[in-house]
Amino acid sequence: MVGVPKTNAISIRDLKPSDGGLDMVRLSLGDVTPLQPLHLDGGQRAEMQLQDGQVVMLANEGVDQRLFELLQRVMRQGEALLQTRSDATIDKLVEAALDLVPPKPAELRLQDAVARFRSKFLQSEPCYVSADLHRLSGSTGRNLSQVAARMKTKGQVFAVRQGDKDLFPAFQFDAQGKPWPIMAKVLAAFPDRMTPWDIAGWFVRRNMDLGGAAPRDLLAEGDARVIAAAAQAGEGPVG
């Protein structure tokens, strides 16, 4: 809550002409006024009056200004954050604030490249849904997700997420819907940082460690080189 200005102030007096600049900004819970960062070059002096409940942020020159915008949006929801004290709610509010901060052009290009790859993958690579694997397995159970979920939990297969569905690339399976025996060892070899979509991309790209073959094409024959190659995945640029 914003109150009357205090008599004390924050003073910046130690910047030398040779020093880099500083950016200062005042933030308040629930404040909806436009953000007005104060920039100080080396050699300048400034005082910033504080009001009740305000927070002052100092950042070195060159900081991404969107960081200030993100923090301001979080502060606008500050009262709700303090009242809920729920980690899940706080995460949602921070994510919502982050979504409103415009991405950099490089981030937009990366997002576009990722979207184009995923679209191409789904158009060119057959995938099963859980009901398909249930049917192929010959299961008579009523739970159509059980077969796929069990294989995924055991680390025998992986799935990429599309909307609210798990999609299981078909190259992991034989004609009866059983995972190739080598799949579990290959998946276990991947570095932990690899996401399901990273793994999907790795399987379909030509790999020089495999003589230029795509790893998916060597699964049926159980080529052990695929396991060693999976352990090295993610060391180079992804594209």
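It should be emphasised that the depicted structure is a prediction, and the values quoted were computed from it without experimental measurement.
Atom CG of residue Asp223 and atom CG of residue Asp217 lie 11.0 Å apart, to the nearest 0.5 angstrom. The OG atom of Ser130 sits 12.5 Å away from atom CZ of Arg135, with the distance rounded to the nearest 0.5 Å. The CD atom of Glu221 sits 9.0 Å away from the CD1 atom of Ile182 when rounded to the nearest 0.5 Å. Separating the CG atom in Leu133 from the CZ atom in Phe173 is a distance of 4.5 Å, to the nearest 0.5 Å. We find the CG-CD distance between Leu219 and Gln172 to be 8.5 Å, quoted to the nearest 0.5 Å. Note that the CG atom of Leu144 and the CG atom of Asp132 stand 10.0 Å from one another [nearest 0.5 Å].
Annotation: Phe190 is in aromatic contact with Trp202 [ring centroid separation under 6.0 Å].
Open room surrounds CZ on Arg206; 12 or fewer heavy atoms of other groups in view lie less than 6.0 Å from it.
With contacts defined as side-chain heavy-atom distances shorter than 4.5 Å, the pair Ser139/His134 qualifies.
Judged purely by atom type and a 3.5 angstrom limit, Thr153 uses its side chain to pair as donor or acceptor with the backbone of Ala149.
Tyr128 and Trp197 fall into different hydrophobic clusters, where Ile, Leu, Val, Met, Phe, Trp and Tyr side chains are chained together by heavy-atom contacts under 4.5 Å.
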### Task
Show your working on side chain to side chain contact (heavy atoms under 4.5 Å, CB included) between Leu167 and Val129 and close with a plain yes or no.
CA-CA 5 Å; Leu167 300 180; Val129 295; 3.7 Å; yes
### Message
Determine whether Phe203 and Phe121 satisfy the following criterion, ring-ring contact (aromatic ring centres under 6.0 Å, His included), listing intermediate values before the conclusion.
### Response
CA-CA 11 Å; Phe203 269 113; Phe121 180 91; 9.7 Å; no
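A salt bridge does not link Asp209 to Arg225: none of the charged side-chain nitrogens sits closer than 4.0 Å to a carboxylate oxygen.
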